[in-house]
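Comments concern the structure below.
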Amino acid sequence: MSCERAFNPALEQVPVVVLSNNDGCIISRSAEAKALGIKMGEPLFQVKALLREQGVQVFSSNYALYGDMSQRVMNYLAAVAPAVEIYSIDECFLDLHGLQRWQAPDLTCYGRQVQAALLRRTHIPTCVGLGPTKTLAKAANRLAKKLPAFGGVLSLVDESIRRELLEQLPVEDVWGIGPRYGGKLHALGIRTAGALSRVSESWAREQLGGVVGARLVRELQGLPCQGLAPSEDGTLARQRIACTRTFGQPLTGYPDLLRAVAHFTARAAEKLRQQGSAAHLLTVFLCPGRFGADAQPSRAATLTLPAASNDTGQLLALVRAAVRKLWRAGTVYHKAGVLLAGLEPAGRQQLGLFDDPALAARRARLLREIDALNQRFGRHKVAFATMLAPVGSATPRWQTRHERRSPAYTTSWDELWTVPAAG
DNA sequence: TCTGGGGTCCTAGGACCC
DNA sequence: TCTGGGGTCCTAGGACCC
């Protein structure tokens, strides 16, 4: 929502929401939209009337824009902190050990400077939470968002402040307490983060899933149990890579389904190569409807590759076999996906007895070139034949709906932001 | 009556996160 | 009519090994 606002001043101070893929659910809301009672994750069709009545501005998600804006924010943070861990598209942990200029009581000033600089550079508003553990930093961030008096920056480094403020944080707002544990804790009389920080380790182990609960409580007490996940560029190497989509319109035909799954495979393989991995396991699944009368369980097939691969062509050969096995005539499919697991660093695969190392090197080079072309000219401009529909056919029906998407202001020459002339 | 004591690997399921 | 798409970690249990 903040990315939309950054390029469209007319969205300031009015209710704005952003939709999930396929324009299905609401996944981001401005404060004004929250105040109208619109909930996170709510299906669009259930609130359509309310949105119209209240004049809420509605956007399809625009990941080209959000991803690029996220990178700008993360790049700045990486420049001002000794180490960073990019936790999600809109969150980042900074390790401040070794930060020379700023010491404990001043860390809030540091937080304010970072917050102000981000707003100036990217127009993205942020909240900063500081603490001796990740869990306390998250708690501080949550409180900074909830209590306007702090101006979006709060430190829980000081113990007496911590004791006081953790009492004001509902236990279900603690990082790692979801709906299940939240309900359980309330039933057991633990209602705030402060109360949770005072339970014994053995009690935490018993009630909150073993070692996970024990770590959570220790972190609340200020004893670090999770370090920064190390990686050079701040991104985490994934252990699994998936690409799954609900289709724009349901599919029944085998060729349509195969083309859709082939696209997901190509995308998953790109992500795999991007992080320098190769996969041993490939899962393909096809889902009929999830809702209504003709809802059926999804069918999946997992294949083991003889040698780890990140070669789209090799993966497609297996995917083709899997789809042929899973597909049933007459079933209406709403969603499909590809999952890659058993990842290892690429290029370390044992060559089979009859594999030709020179050929493998040429394949790798070919894939690098294809990735570079698609990076420059647009996703899947160069594609494998399995992905393609006959020449001249209409837009594939499986493609995601995004009827209210804003322009890719920062990543496409054709959609650059234009500044209205003064006067 | 009496029935060892270690391991590993994999999968499914449950909890959580954004 | 219409319901997203990614991820993580842990535990228990089964199959198998010596």
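Throughout, a chain's letter reflects where its sequence line sits, starting with A, and its residues are numbered from 1.
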Check every strand shown and say whether [X] touches a base, only sugar-phosphate, or nothing at a heavy-atom separation below 4.0 Å.
{"X": "A:Gln239", "value": "sugar-phosphate"}
{"X": "A:Lys134", "value": "nothing"}
{"X": "A:Ile241", "value": "sugar-phosphate"}
{"X": "A:Val174", "value": "sugar-phosphate"}
{"X": "A:Ile177", "value": "sugar-phosphate"}
{"X": "A:Asp90", "value": "sugar-phosphate"}
{"X": "A:Arg238", "value": "sugar-phosphate"}
{"X": "A:Arg215", "value": "sugar-phosphate"}

OP1 or OP2 of [N] under 4.0 Å from side-chain N/O of [X]:
{"X": "A:Arg245", "N": "C:dG6", "answer": "yes"}
{"X": "A:Lys184", "N": "B:dA15", "answer": "no"}
{"X": "A:Ser61", "N": "C:dG4", "answer": "no"}
{"X": "A:Ser88", "N": "C:dG7", "answer": "no"}

Of all the choices, [options], which nucleotide is nearest to the side chain of [X] once you look at every atom?
{"X": "A:Tyr181", "options": "B:dA15, C:dG4, B:dC18", "value": "B:dA15"}
{"X": "A:Phe45", "options": "B:dC17, C:dC2, C:dG5", "value": "C:dC2"}
{"X": "A:Ser20", "options": "B:dC16, C:dG4, C:dG6", "value": "C:dG4"}
{"X": "A:Arg240", "options": "C:dG4, C:dT8, B:dC18", "value": "C:dT8"}
{"X": "A:Ala242", "options": "C:dG4, C:dG6, C:dG5", "value": "C:dG6"}
{"X": "A:Trp175", "options": "C:dG5, B:dC18, C:dC2", "value": "B:dC18"}
{"X": "A:Lys335", "options": "C:dG5, C:dG7, B:dC17", "value": "C:dG5"}
{"X": "A:Val211", "options": "C:dT3, C:dC10, B:dC17", "value": "C:dC10"}
{"X": "A:Lys138", "options": "C:dG7, B:dC17, C:dC2", "value": "B:dC17"}
{"X": "A:Glu91", "options": "C:dC9, C:dG5, B:dC18", "value": "B:dC18"}

For this session: Output yes when A:Arg198 and A:Glu167 qualify as a salt bridge under the 4.0 Å nitrogen-oxygen rule, no when they do not.
Result: yes
For this session: In plain terms, say whether A:Asp371 and A:Arg368 are close enough for a salt bridge, that is, a side-chain N and a carboxylate O under 4.0 Å apart.
Result: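 Salt bridge absent between A:Asp371 and A:Arg368.
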Euclidean distance, atom [atom1] of residue [X] to atom [atom2] of [N] [Å, nearest integer]:
{"X": "A:Asp23", "N": "C:dG5", "atom1": "CG", "atom2": "P", "value": "11 Å"}
{"X": "A:Asn22", "N": "C:dG5", "atom1": "CG", "atom2": "C1'", "value": "11 Å"}
{"X": "A:Ile26", "N": "C:dC2", "atom1": "CD1", "atom2": "P", "value": "17 Å"}
{"X": "A:Arg401", "N": "C:dG5", "atom1": "CZ", "atom2": "P", "value": "11 Å"}

Exercise. Any luck finding a side-chain donor-acceptor pair between A:Thr411 and A:Asp68 under 3.5 Å?
Worked result: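 No pair is found: no donor N or O on one side chain lies under 3.5 Å from an acceptor on the other.
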Exercise. Taking all atoms of both residues into account, what is the closest heavy-atom pair of A:Gln57 and A:Phe59, and its distance?
Worked result: CB-CE1, 4.0 Å
Problem set entry | side-chain contact (heavy atoms from CB on, under 4.5 Å) assessment of A:Trp203 paired with A:Ile190 | CA-CA 12 Å; A:Trp203 192 92; A:Ile190 307 287; 4.0 Å; yes
Problem set entry | For C:dC18, the Watson-Crick or wobble partner whose two distances fall under 3.5 Å |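 Because both required distances fall under 3.5 Å, C:dC18 counts as paired with B:dG5.
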Exercise. Nearest nucleotide by nearest heavy atom, which residue falls closer to the 5' end of DNA chain C, A:Asn21 or A:Gly210?
Worked result: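 Here A:Asn21 is the residue nearer the 5' end.
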For this session: Take A:Val212 and A:Pro43, find for each the nucleotide of DNA chain C with the closest heavy atom, and name the residue whose nucleotide sits nearer the 5' end.
Result: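 Closest to the 5' end, via its nearest nucleotide, is A:Pro43.
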Exercise. For A:Glu270 and A:Asn374, what are the C-alpha separation, side-chain angles and deciding distance, and is it a side-chain contact (heavy atoms from CB on, under 4.5 Å)?
Worked result: CA-CA 10 Å; A:Glu270 281 167 9; A:Asn374 286 333; 4.2 Å; yes
For this session: Might you work through the side-chain contact (heavy atoms from CB on, under 4.5 Å) test for A:Leu282 and A:Thr302, ending with a clear yes or no?
Result: CA-CA 6 Å; A:Leu282 177 143; A:Thr302 299; over 6 Å; no
